[in-house]
Amino acid sequence: THARALLLALGLVVLLVGSGHASAADVAAGKATAEGCAGCHGENGISHTPLIPSLAGEPDDFTQWQLVFFRGGSRKSEVMGPIAAALNNEEIRNLGAYYASLPPPKPERASAADALAQSGARLAAQHRCQSCHADDYSGIGPAARLAGQREDVLLKALRDFKAGTRVGSGVASMADVVYQLSDTDMQALAHYMGTRP
């Protein structure tokens, strides 16, 4: 069942991220593994491909969680599922450390007159997005970096959370946040976050 797959994935993450016996991540080894990721996620982890997220600057734990979710099947993707299934724990740790070490994307900033970004800023404050994703939306632990991420990726993620086809590391936290959001609200949030440095 979906709940069982999620619990299994959470257990694997606890072992992967929380184990005091785990070897230290190797950024150079992560870079070598990431060469196979560049075709979709871009050189230096910055995507120029629609609906493919940039990974540069994502928190180490976030990247590890997502790979474990893909590997365990609680996050579905015909592309990422088999890729993650081929990764061992050490490779996942190394990829997390590598992408976290990279400078994040530098988006084109929204102008002061950008009404959509202003609406997104109000919604972000209203829904306390900073409480999980950091004051500057750079992400914390298993919570994603939102600042500078591709808008189409952010919008798809919000829509997927609302539809229940994606779970976050906080299990129901994102579903609770997006429950009352309209699609226009989600577009505003994605625009606001995507244009933040």
Side-chain angles (χ1 to χ4, degrees), residues 2 6 37-42 44-59 61-63 65-67 69-70 74-81 83-84 99-100 102-197:
H2 178 71
L6 179 58
C37 309
C40 293
H41 292 283
N44 299 314
I46 298 178
S47 170
H48 300 285
T49 306
L51 296 175
I52 303 292
S54 292
L55 301 178
E58 285 291 352
D61 287 353
F62 172 76
T63 300
W65 274 85
Q66 299 312 304
L67 289 169
F69 282 154
F70 283 127
S74 60
R75 186 168 175 196
K76 308 291 184 196
S77 169
E78 291 181 6
V79 174
M80 283 303 304
I83 291 170
Y99 283 119
L102 297 175
K106 300 219 178 295
E108 191 170 316
R109 292 185 74 138
S111 71
D114 187 329
L116 191 61
Q118 291 173 7
S119 176
R122 286 191 296 273
L123 286 162
Q126 178 184 346
H127 293 279
R128 301 187 335 261
C129 299
Q130 291 175 324
S131 65
C132 290
H133 295 278
D135 289 347
D136 59 356
Y137 304 106
S138 62
I140 301 172
R145 176 184 185 85
L146 305 177
Q149 183 57 267
R150 293 181 56 88
E151 285 183 48
D152 58 346
V153 168
L154 293 169
L155 182 56
K156 182 179 186 314
L158 289 168
R159 287 172 172 163
D160 287 350
F161 282 123
K162 183 161 186 172
T165 58
R166 180 172 173 181
V167 295
S169 53
V171 186
S173 58
M174 282 302 301
D176 290 344
V177 169
V178 299
Y179 175 72
Q180 296 181 350
L181 295 179
S182 68
D183 203 67
T184 301
D185 291 339
M186 291 188 281
Q187 290 177 45
L189 274 169
H191 180 64
Y192 170 63
M193 297 298 180
T195 54
R196 289 186 56 87

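Of all non-hydrogen atoms in A100 and P59, the two that sit nearest each other are CB-C, 4.3 Å. Nearest heavy atoms, F62 versus A144: CE1-CB, 3.4 Å. For the pair D135 and Q130, the tightest heavy-atom approach, listed with the atom from each and the gap, is O-NE2, 2.7 Å. Shortest non-hydrogen contact noted between C37 and Y99 is CB-OH, 3.2 Å. Nearest heavy-atom pair across C132 and A143 is O-CB, 3.2 Å. The nearest pair of heavy atoms linking A190 to E151 is O-CG, 3.4 Å.
Judged as a salt bridge (charged side-chain N to carboxylate O under 4.0 Å, His left out), the pairs with a partner in residues 180-197 (not counting sequence neighbours) are, in order, R159-D183. Contacts classified as salt bridge (charged side-chain N to carboxylate O under 4.0 Å, His left out) and involving residues 124-133 (residues at least two apart or in different chains) are not found.
M80 places a side-chain heavy atom less than 4.5 Å from the side chain of I83. The side-chain heavy atoms of Q149 and M193, taken from C-beta on, include no pair separated by under 4.5 Å. In this structure, the side chains of L189 and L154 stay at 4.5 Å or more apart for every pair of heavy atoms.
Under a 3.5 Å cut-off, the side chain of K76 and the backbone N or O of T165 do not form any donor-acceptor pair. Within the 3.5 Å criterion, the main-chain N or O of A112 finds a donor-acceptor partner in the side chain of Q118. Although no hydrogens or angles enter the test, the distance criterion places no donor-acceptor pair under 3.5 Å between the side chain of E108 and the main chain of T195.
Shown here are the side chain to side chain contact (heavy atoms under 4.5 Å, CB included) partners of D114, two or more places apart in sequence or in another chain: A110, S111, L116, A117, H191. Among residues two or more places apart in sequence or in another chain, the side chain to side chain contact (heavy atoms under 4.5 Å, CB included) test is passed with P104 by R145. Evaluation of the side-chain hydrogen bond (donor to acceptor under 3.5 Å, both in side chains) rule for K156 yields D160 as partners, not counting sequence neighbours.
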Would you be so kind as to tabulate the donor-acceptor pairs closer than 3.5 Å made by side chains of residues 44-52, with sequence neighbours excluded?
{"unit_1": "S47", "atom_1": "OG", "unit_2": "T49", "atom_2": "N", "d": "3.1"}
{"unit_1": "S47", "atom_1": "OG", "unit_2": "T49", "atom_2": "O", "d": "3.2"}
{"unit_1": "S47", "atom_1": "OG", "unit_2": "I52", "atom_2": "O", "d": "2.7"}

